[in-house]
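Okay, so here's the structure we're looking at.
All values below were derived from every heavy atom in this structure, side-chain atoms included, with hydrogens, water molecules and symmetry-related copies excluded.
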Amino acid sequence: MELEAVVDNAVATEVEKYLGPRLQTIIREYIMLDRDTAFKELCVSRAFFDKNIKNKPQVKLIERRYKESNKVFYEPSELKRAILSITEF
């Protein structure tokens, strides 16, 4: 019985190592971002996000809101396209 528990634990650890990074990628790609998560993912300060990104027309067009809430959400791929359209390289 003890050997079975050790094997189960080892398998669970390996599965977590394998799926952990992939799960984070899936979450970033397919789950909506709120403003707090968006500026953290972009590695900018909240003030910079609010001043230079949030009010741009490209970003305003992709905002999603619940009917009873003022909270803003962004779809990650749409936000990425909006950011790329307003940045200069």
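Nearest heavy-atom pair, Leu84 versus Thr87, reported as atom, atom and distance to 0.1 Å: O-OG1, 3.4 Å. When all heavy atoms of Ser69 and Lys71 are compared, the closest pair comes out as OG-N, 3.0 Å. Nearest heavy-atom pair across Ile86 and Val59 is CD1-CG2, 4.4 Å. Shortest non-hydrogen contact noted between Ala82 and Ser85 is O-OG, 2.8 Å. Scanning all heavy atoms of the two residues, the minimum distance from Leu33 to Pro76 falls at CG-CG, 4.0 Å.
Put simply, Tyr66 and Met32 are part of the same group of oily side chains (I, L, V, M, F, W, Y) that touch within less than 4.5 Å, one to the next.
Between Phe39 and Ile53, the closest side-chain pair of non-hydrogen atoms is not below 4.5 Å. In this structure, the side chains of Asp50 and Arg35 come closer than 4.5 Å at one or more pairs of heavy atoms.
Residue pairs meeting the side chain to side chain donor-acceptor pair (under 3.5 Å) criterion with at least one member in residues 54-63, sequence neighbours excluded: Glu63-Arg65.
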Going by atom type alone, with no hydrogens or angles, which donor-acceptor pairs under 3.5 Å involve a side-chain atom of residues 9-21 and a protein atom two or more places apart or on another chain?
{"residue": "Thr13", "atom": "OG1", "partner": "Asn9", "partner atom": "O", "Å": "2.8"}
{"residue": "Glu14", "atom": "OE2", "partner": "Lys17", "partner atom": "NZ", "Å": "3.4"}

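Taken from CZ in Arg81 to CG in Leu79, the straight-line distance is 10.0 Å, to the nearest 0.5 Å.
Remark: Phe49 pairs with no residue by the ring pair (Phe, Tyr, Trp, His ring centres under 6.0 Å) rule, at least two apart or across chains.
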